[in-house]
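Structure, as structure tokens:
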Amino acid sequence: PPPPPPTWQPPDWAARIASAQLLNSTRDDHSAQIGNGYLAFFVGGGTEFVAGLFNGRLSYALRTTSHRAAVPSPLTSTAVSSVNGVAPDPRATPTALDLPTAAYLSAYRDAGQLGTCEHRLYAHQSRSHLLVSELRCQNLGTAPLSVQMVVPSSATSADLNVEAGQSPAGTVCWKGTNRVTETAGASPSVIGMCTTDTRDMQATNLTVPAGKTGSLLLIAARFTSIDTDTDTPPADPVKSAIVELQSATAAGGAALWAEHVAAMRARVSPGVEVSGNLDLAQAINASHYAMMCTVRADVLYSSSPGGLATNAYNGHSFWDVETWMWPTWLAFHPEIARAVLQYRTNRQIGAIDNARAHGFEGMMFPWESAFSGTEVDPAQGTTTEEHLQGDIAFAFAQFYSSTQNKTWLATDGFPVIEGIATFWASKAIAHPNGSFSIPHIMGPDEYHGDVTDSVYCNVVAAFSLRTAFELASTVGKTPNGTFAQIANSLIILFDHTAQYHPEFLGYLRGTKIKQADTILLGYPLGYPMTPAVRKSDLDYYETVSDPGGPAMTWSMFAVGYGDIQEDNTSATFFHRGYQQNSLGAYHDWHEVVGASGADNFITGAGGFMQSVWAGYGGARYLNSTLRLNRPRPPPNSTSITLRELAFRGARLTVVASADSWSIVLVHPSGSGAVLQVLGDGETKPTRLLLDTPVQFAAGSSATVTQTP
């Protein structure tokens, strides 16, 4: 449970807490994360993680693998240690996670309550290599206000070989290299870090005269030899860090904060908003925030189940990214969605090598991927979870469906889609009757491995094959008839007696499963079936899904039951999808019930967010259209708003209440695409004009398309 609220807080916090913009707690609560997609950390931890920086190598014998390298970061633990000589009580010190500005705030005051201070800690959004700690104080008293800050000075790391670097006056600089590279013979990754020199007590003391204001600014800059936000990574990361630190110091705290806030305003403008339900609004805002801490458009590395702020699951990329996190980025941040896909595109060679090593053709991306694109899964045997290939192909196809970017498709998208289709074609085995099976595979249900004809795997494999066949002519290639033949002939198991899809060949009814698997056919895969069959799948698999399984399962039940208009059942699962896993004052996500499993489990946040915007918001990217399926407020809410939903380069806002819903074009497409919306049952579409809402009755659905 969260700690008790502090006895006071700054007056201007109250309204922002009530609007779910601030999540407030106390200084002894260490569950707040800060990040900008390049660097991220949990406040008070003393370390940070930087995108792409890993240490270690896979060894089954030594039970080691590549993992995120912990980077010494003293500023992550900066705090006020005394105000006029009195140490503040952490349990009574108000703190807040400011979601719109991605800043951690701490408030302090003196015994007479005439001197007040606010400490801001944030990873700069536009100057992404900076971590900024700024203390701002106001003294309304008649005597000087003296404030002391404490900054740890350690620069040691179990993952990095650290050595002192050239340090200009007023700075402390060091260089680190990862101790063990992910692949033998590879060049070590280098990080250069420079911080404001706090070894002099004057650098961490602030004295504010009576009737005046004052501030104390501490900055840390870091660069690596593997950065992707410039055409060429820095040859000397320490030198780059020095230049960046000096530039930021010269700009000053007020200018840095103004730049950051402006950049954050643009970053958080797209998203989801609910009214009338503060707890849900906090969970939504915190979940979206956590997902945005881990990625950015100019960082071409991927995410992981625990995001960038933790080493959960060693920081590796799984299906968690493409299936659970990525759809929200596609819906609201397509530039980030593209960058995350580029991570896979840049590792095609590794996928080709991996397929060959397993006796297949095409591209077989590793189950766990880190820096190089080689397999880094420390557990032998899980490489049969090859549904990952279909999950990646599905994401690539979704991106093209939403954007219709033919240049991207030809250069980046189709090669991956075709490579994955080639893998499935080489893995499928033919039967004398012309049908095909896929053996030796594991679906999302990790309680059952080495099965044949996993229904989820076969559906997503057929999608991959069919997509490669259908898109070939778009990029000037001859469609591969074998792809279409296998796609149309893969066995999709169905029990006509029980009217449901068995999870795999030989599955025994009543057998417990780990998590959402077969029910994913309806959403996100959109596999066609009658509402009766969809209900049968949902009803049955709810009875055998492990109640201690990961949070995403219940979010998918919520979406599924909502799709068949069983709203009460959907609401029950919707609450279950977040209330047991999004915990504490900062709504930190946990993998399983009881605050156990991976911390900062943004896989769960991603599943939950989909239950909000795709479930209640109704937004689906289907067959080159944007489908809006019965937009409606979530339970105990008065309205839901999907702000700046992305489609064909345009931005659309959808607002739904209990009485009606509307869609409006808020930003036209940069490519000149003209959009139209057609309500179900209507015969003539309505052209979407800038700032002109189109209204629909509650309970109705519509489809957005590009005009011919």
Side-chain angles (χ1 to χ4, degrees), residues 322-323 355 360-364 384 386-401 409 413-444 451-496 499-507 517-534 536-537 620-625 627:
E322 283 81 9
T323 298
F360 301 115
E361 300 174 11
M363 295 182 191
M364 177 183 170
T384 60
E386 291 155 7
H387 65 82
L388 169 69
Q389 316 312 321
D391 303 330
I392 293 172
F394 188 77
F396 272 74
Q398 290 280 86
F399 186 80
Y400 179 67
S401 177
L409 181 67
F414 188 77
V416 172
I417 294 171
E418 183 181 42
I420 289 173
T422 302
F423 162 78
W424 287 123
S426 71
K427 185 171 176 64
I429 59 171
H431 296 295
N433 65 358
S435 65
F436 286 82
S437 288
I438 297 179
H440 307 300
I441 201 162
M442 182 190 295
V451 303
T452 296
D453 289 334
S454 156
V455 68
Y456 176 87
C457 293
N458 283 19
V459 166
V460 81
F463 176 89
S464 308
L465 290 156
R466 191 172 292 113
T467 300
F469 174 79
E470 294 174 350
L471 290 181
S473 58
T474 304
V475 297
K477 299 192 70 172
T478 301
N480 187 325
T482 300
F483 291 169
Q485 178 190 5
I486 298 174
N488 294 331
S489 304
L490 269 174
I491 293 173
I492 307 299
L493 295 172
F494 184 71
D495 184 327
H496 290 274
Q499 287 291 296
Y500 91 117
H501 293 93
E503 188 177 277
F504 53 84
L505 184 64
Y507 173 77
D517 186 304
T518 304
I519 67 167
L520 300 178
L521 268 59
Y523 177 85
L525 297 186
Y527 181 73
M529 66 183 84
T530 65
V533 170
R534 183 92 180 269
S536 184
D537 280 349
R620 314 286 171 86
Y621 295 101
L622 296 173
N623 303 320
S624 300
T625 71
R627 176 70 176 166

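In this chain, numbering begins with 1 at the start of the sequence shown.
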Task: Of all pairs that satisfy salt bridge (Lys or Arg N to Asp or Glu O under 4.0 Å), the ones with a partner from residues 432-442, not counting sequence neighbours - done: none
Open item on the list: Going by salt bridge (Lys or Arg N to Asp or Glu O under 4.0 Å), name the pairs with one or both residues in residues 423-433, residues two or more places apart or in two chains.
Closed with: Glu386-Lys427
Task: Sequence-distant partners of Thr474, side-chain contact (heavy atoms from CB on, under 4.5 Å), two or more places apart - done: Tyr400, Lys406, Leu409, Leu471
Task: Between Phe396 and Phe399, ring centroids under 6.0 Å - done: no
Task: Summary of ring pair (Phe, Tyr, Trp, His ring centres under 6.0 Å) pairs that have at least one residue in residues 420-441, sequence neighbours excluded - done: Phe360-Phe423
TODO: Would you list the pairs meeting ring pair (Phe, Tyr, Trp, His ring centres under 6.0 Å) in which at least one residue belongs to residues 455-494, sequence neighbours left out?
DONE: His387-Tyr456, Phe394-Phe463, Phe494-His496, Phe494-His501
- [ ] List in chain and number order the residues that pass side-chain contact (heavy atoms from CB on, under 4.5 Å) with Thr530, two or more places apart in sequence or in another chain; answer none if no residue qualifies.
- [x] Ala532, Val533
TODO: Could you list the residues that satisfy salt bridge (charged side-chain N to carboxylate O under 4.0 Å, His left out) with Arg466, not counting sequence neighbours?
DONE: none
Open item on the list: Holding to side-chain hydrogen bond (donor to acceptor under 3.5 Å, both in side chains), I want the full list of residues that pass it with Tyr527, two or more places apart in sequence or in another chain.
Closed with: none
Task: Gap between atom CG of Leu520 and atom CG of Asp537 - 0.5 Å precision - done: 11.0 Å
- [ ] Can you tell me which residue pairs pass the salt bridge (Lys or Arg N to Asp or Glu O under 4.0 Å) test with a partner in residues 467-496, sequence neighbours excluded?
- [x] Glu418-Lys477
TODO: Apply salt bridge (charged side-chain N to carboxylate O under 4.0 Å, His left out) to Glu322 and list each qualifying residue two or more places apart in sequence or on a separate chain.
DONE: Arg344
Task: Residues that Asp453 engages under side-chain hydrogen bond (donor to acceptor under 3.5 Å, both in side chains), provided they are two or more places apart - done: Ser437, Asn458
TODO: Sequence neighbours left out, what passes side-chain contact (heavy atoms from CB on, under 4.5 Å) with Pro439? Give chain and number order.
DONE: Ile429, Thr452
Task: Within-4.5 Å side-chain heavy-atom neighbours: Ile438 and Cys457 - done: no
